[in-house]
Amino acid sequence: MNYGCQSMTGKIESILIKKPEQAFISQENLNGSWEKFKYFGCPDYAKVLEEYAVFEKFIRENVEHVYCLPEDARTGLDSIYTHDPLKITKKGAVYFPMGKELRSREYLATKAYLESIGIPTLGEIKAPGKMEGGDVLWIDEKTVAIGRGYRTNDEGIRQFKELTKDVVEEYIIIPMPHGDGVDCCLHLMSIISFVDTDKAVVYSKYMPVFFREYLIERGIRLIECSDEEYDYLGSNVLALEPGKCITIAGNPDIVKKMRDAGVEVLTYEGKEVSYKGTGGPTCLTCPLKRL
């Protein structure tokens with residue numbers, strides 16, 4: 001199959017998702033698991049299914065090929081957020097043993113599935129290296145920014161550079177802030193989401209000055225997310241193609257700003273499926289091929 005996703009905004013041709021039936025499984029499973037996964041409350045399974053149905057409808061209406069991960073005993077609730085265990089390059093997939101211990105074997109399940117549908121493995125980040133997909137942001141096909149924080153360490157970055165040296169020319173390492181603490185899921189993609197080739201939703205408060213200046217110098221229009229809406233995943237936006245995106249409902253200010261900037265915005269109710277697990281639309285998907 002065709003693969004390669006060294007872009008954040010190219011039209012998505014194929015994508016990997018995991019439906020709540022295979023990740024959350026049941027209300028009983030959620031009741032027994034949400035606290036150890038550090039969710040903001042126990043998701044209501046019936047409402048999760050309703051929310052996800054709208055989200056999946058948007059995906060299927062805009063993406064030609066949609067692949068669904070099966071249930072797997074090596075995974076838990078967070079496996080619904082398919083973005084984090086890997087990145088897809090033009091030479092294959094790079095898999096990550098994630099910083100969150102409960103997700104440390106998740107990449108094995110994703111790897112087995114993607115190899116079964118024809119996506120080769122370029123490599124794996126090995127301990128003591130650690131990395132998560134939410135910390136890897138393609139600026140363009142040859143330039144990648146990597147957030148160095150609690151979920152992605154120096155050794156992980158070193159290994160990623162070695163694995164991707166034939167397809168990447170420039171690496172920009174972004175020191176991430178402490179934020180709300182070690183257990184907080186603060187990724188680079190928590191504070192920036194490209195919504196067009198020259199537009200990005202950002203939360204500048206957590207962005208290093210040099211990186212913000214770099215984006216502006218590249219001609220990127222920064223669409224600023226407020227404190228309140230950042231807390232409700234307002235800066236987590238999935239570009240389906242240049243100028244068309246999906247975001248969680250409940251953040252009217254950033255939606256208006258995007259629309260005023262000429263971006264088409266689709267919204268889904270995501271309190272149960274996204275907010276409680278701190279996983280917005282980018283987290284819920286792993287694009288396999290962008291044009």
| said: A quick test of your reading: do over 12 heavy atoms of other residues, nucleotides or ligands sit less than 6.0 Å from NZ of K271? | reply: no
| query | Less than 4.0 Å between a side-chain N and a carboxylate O, is that true for D154 and R158? | reply | no
| task | Enter the distance from R74:CZ to T110:OG1 here, rounded to the nearest 0.5 Å. | result | 9.0 Å
| query | Side chains of P252 and E229: closer than 4.5 Å at any heavy-atom pair? | reply | yes
| said: Tell me whether the count of non-hydrogen atoms from other residues, nucleotides or ligands lying under 6.0 Å of NZ in K57 goes above 12. | reply: no
| From CD (E21) to OG (S26), nearest 0.5 Å | 11.0 Å
| request: Find out whether K289 and H65 are in side-chain contact, i.e. whether some heavy atom of one side chain is under 4.5 Å from a heavy atom of the other. | output: no
| task | Determine the sole option in R151, H178, M176 for which the side-chain contact (heavy atoms from CB on, under 4.5 Å) test with L186 is passed. | result | M176
| said: D140 vs R218, test: salt bridge (Lys or Arg N to Asp or Glu O under 4.0 Å). Steps then yes/no. | reply: CA-CA 11 Å; D140 59 38; R218 284 187 63 112; 2.9 Å; yes
| query | Which ILVMFWY residues are connected to L288, directly or by a chain of links, through side-chain heavy atoms under 4.5 Å apart? | reply | M1, Y3, L16, Y67, L69, L86, I88, Y95, Y107, L108, Y113, L114, I117, I119
| task | Would you check if C283 and N236 make a side-chain contact, meaning some heavy-atom pair closer than 4.5 Å? | result | yes
| field | Ring center gap for Y275 and F40 short of 6.0 angstrom | value | yes
| Would you say the side chains of T75 and K18 form a donor-acceptor pair under 3.5 Å? | yes
| request: Specify whether Y206 and Y230 have parallel, tilted or perpendicular ring planes, treating 30° as the upper limit for parallel and 60° as the lower limit for perpendicular. | output: perpendicular
| field | Side chain proximity check, T143 to E169, heavy atoms < 4.5 angstrom | value | no
| field | R60 with E56: basic N within carboxylate O range, under 4.0 Å | value | yes
| field | Side chain to side chain, F160 and T152, heavy atoms closer than 4.5 Å | value | no
| Mind checking whether I17 and I25 sit in one hydrophobic cluster, side chains of I, L, V, M, F, W, Y counted as touching below 4.5 Å? | no
| query | Are K11 and E13 close enough for a salt bridge, meaning some N to O gap below 4.0 Å? | reply | no
| Pairwise distance CG(N251) to CG(L233) - rounded to 0.5 angstrom | 7.5 Å
| task | Kindly check if the number of other-residue, nucleotide or ligand heavy atoms within 6.0 Å of CD (E170) is above 12? | result | yes
| task | Among Ile, Leu, Val, Met, Phe, Trp and Tyr joined by side-chain contacts under 4.5 Å, find the other residues sharing a cluster with I254 and list them by chain and number. | result | V195, V201, I223, V237, V255, M258, V263, V265
| Under-4.0 Å salt bridge between K126 and E162 | no
| message | If hydrophobic clusters are built from ILVMFWY residues whose side chains come within less than 4.5 Å, do L122 and I146 share one? | response | yes
| Transitively linked via ILVMFWY side-chain contacts under 4.5 Å: Y203 with Y232? | no
| message | Measuring centre to centre across the rings, with the benzene-like ring taken for any Trp, is Y52 within less than 6.0 Å of F55? | response | yes
| query | Do the non-hydrogen side-chain atoms of V168 and T89 ever get within less than 4.5 Å of each other? | reply | no
| query | Does anything in residues 28-37 pair up under side-chain hydrogen bond (donor to acceptor under 3.5 Å, both in side chains), and if so which pairs, sequence neighbours excluded? | reply | Q27-N31
| task | Decide whether I125 and V167 are clustered together by the hydrophobic rule: side chain heavy atoms of Ile, Leu, Val, Met, Phe, Trp, Tyr closer than 4.5 Å, transitively. | result | yes
| query | At their closest point, which heavy atom of C245 faces which heavy atom of A239, and how far apart are they? | reply | CB-CA, 4.0 Å
| task | Nearest 0.5 Å please: distance from the SG atom of C225 over to the NZ atom of K257. | result | 7.5 Å
| request: Rounded to the nearest 0.5 Å, what's the gap from NZ on K276 to CG on L77? Could you check? | output: 12.5 Å
| query | Are E50 and K47 ion-paired here, with the side-chain N under 4.0 Å from a carboxylate O? | reply | no
| query | So, are E132 and R103 salt-bridged, with charged N and O less than 4.0 Å apart? | reply | no
| remark: Closest non-hydrogen contact found for E51 with V273 is OE1-N, 2.9 Å
| message | Less than 4.5 Å apart, side chain to side chain, heavy atoms only: is that true for I173 and P175? | response | no
| query | According to a 4.5 Å side-chain heavy-atom criterion applied to Ile, Leu, Val, Met, Phe, Trp and Tyr, with indirect links allowed, do I220 and V209 form part of one hydrophobic cluster? | reply | no
| remark: Minimal heavy-atom distance between V48 and P20, with the atoms involved, is CG1-CB, 3.6 Å
| said: Show the nearest heavy-atom pair for residues G10 and R290, with the distance to one decimal. | reply: O-NH1, 2.7 Å
